[in-house]
Amino acid sequence: MTLAYLNGSFLPLAEARVSAMDRGFLFGDGVYEVIPVYSRRPFRLDEHLARLQRSLDGIRLANPHTADEWKSLIGRIVAEADSDDQSVYLQVTRGPMERRNHAFPQTVVPTVFMNAEPLVTPPPELCAAGVAAVSAADFRWLRCDLKSISLLANCLLRQLAVDAGCAETVLLRDGFLSEGAASNIFAVKDGVLLAPEKNHLMLPGITYDVVLELAAAHGLPCQVRDVPEAEVRGADELWLTSSTKEVLPIVALDGRPVGSGRPGPVFAKMFDWYQHYKREVMRRG
Ligand code: PDD
């Protein structure tokens, strides 16, 4: 049985029901988090909860739980899930309304939902082969820093990749790299790691932070700045990062090879650093 959490109760996922008048359903009015769990230990939980708070602040919705309450709810979901490695999904919406009305209800009763799915990180063969991506103009809104459940634009953009038999869509806005449809994007040129600076045009990825921390810890030269489209297309390496994909090399963009067309040497190092770091964190508990 897959256990879910909904508004104070733990119940089988198939029995979880929300009102058709929920603002999450009618307006996409809510925020979410995806937290990777390794060996039943949530990875970077404090950072995910801090980002959740920033997203809630950004949409003017009070956090229904303290960090300790979140940790205990997540703890139960994690303990009762079938697999040891999981992806915990949590979402908070502005709850149901009596009549459809864009303005916030006078009394907000948020809807809190959570479940866990098995975490399927990219298998070693995929990391060794890399994935293909397409690029597209980033037509999303101007608050991409909020982890909003309004993901229609991200879904449309990701589908462009799927339609082309690719894994991800690399988004470019006004001639600069923003991120992927559901990931952050890094470039490598002449041994230097290039990453767009966090701003309102991209999600501040938790994995993005880990990668930059590992780069700093291992003395990998790194520039966090605007990355023009020409540098994306001329990169020696491109990577995508996310909580579920970790770090994955992009070896073709729009049908053309990235660098040598094979995962590069800097990726190989980052992959090892990431896996080692993950094991260390899990070992320390
Ligand atoms: N998405 N940018 C976007 C638009 C994303 O949707 C995600 C992750 C990221 C990477 O963030 P993080 O490293 O914190 O996972 C960047 C999640 C996994 C999802 O929607 O399923």
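One-based numbering, in listed order, for ligands and for the atoms of each.
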Trainee: For atom 21 (O) of ligand 1, what's the nearest protein heavy atom and its distance?
Mentor: V34 CG2, 3.6 Å

Trainee: Determine, using heavy atoms of M202 and all atoms of ligand 1, whether some pair is separated by less than 4.0 Å.
Mentor: no

Trainee: Can you find an N/O atom of Y32 closer than 3.5 Å to an N/O atom of ligand 1?
Mentor: yes

Trainee: If you count the atoms of ligand 1 from 1 in the order shown, which ones are under 4.0 Å from a heavy atom of N154?
Mentor: 4 (C)

Trainee: So, are D46 and R44 salt-bridged, with charged N and O less than 4.0 Å apart?
Mentor: no

Trainee: Which of the atoms in ligand 1, numbered in the order shown and given with their element, are less than 4.0 Å from a heavy-atom of S183?
Mentor: 2 (N), 3 (C), 5 (C), 7 (C), 9 (C), 16 (C)

Trainee: Taking distance alone, with N or O pairs closer than 3.5 Å, would you say Y208 contacts ligand 1?
Mentor: no

Trainee: Roughly how far, to the nearest 0.5 Å, is CD1 of I206 from NE2 of H48?
Mentor: 4.5 Å

Trainee: For atom 13 (O) of ligand 1, what is the closest protein heavy atom, and at what distance to 0.1 Å?
Mentor: T207 OG1, 2.5 Å

Trainee: Between E168 and S183, is there a side-chain donor-acceptor contact under 3.5 Å, judged purely by atom types and distance?
Mentor: yes

Trainee: Less than 6.0 angstrom separating the ring centers of Y208 and F186, yes or no?
Mentor: yes

Trainee: Are Q275 and Y277 linked by a side-chain donor-acceptor pair shorter than 3.5 Å?
Mentor: no

Trainee: Could you list the atoms of ligand 1 found under 4.0 angstrom from a heavy atom of A181?
Mentor: 4 (C)

Trainee: Any N or O on G180 sitting closer than 3.5 Å to an N or O of ligand 1?
Mentor: no

Trainee: Just to confirm my output: which protein heavy-atom neighbour is closest to atom 6 (O) of ligand 1, and how far is it?
Mentor: A182 CA, 3.4 Å

Trainee: Around atom 1 (N) of ligand 1, find the nearest protein heavy atom and jot down its residue, atom name and distance.
Mentor: K147 NZ, 3.3 Å

Trainee: For atom 10 (C) of ligand 1, what's the nearest protein heavy-atom neighbour? Residue, atom name and distance, please.
Mentor: N184 OD1, 3.6 Å

Trainee: Is a side-chain donor-acceptor pair under 3.5 Å present for D29 with T93?
Mentor: no

Trainee: Taking both backbone and side-chain atoms of R140, is any N or O found less than 3.5 Å from an N or O belonging to ligand 1?
Mentor: no

Trainee: Give me the residue, atom name and distance of the protein heavy atom closest to atom 11 (O) of ligand 1.
Mentor: G205 CA, 3.5 Å

Trainee: Under 3.5 Å between any N/O of E179 and any N/O of ligand 1: does that happen in this structure?
Mentor: yes

Trainee: S243 to ligand 1: N or O pair under 3.5 Å?
Mentor: yes

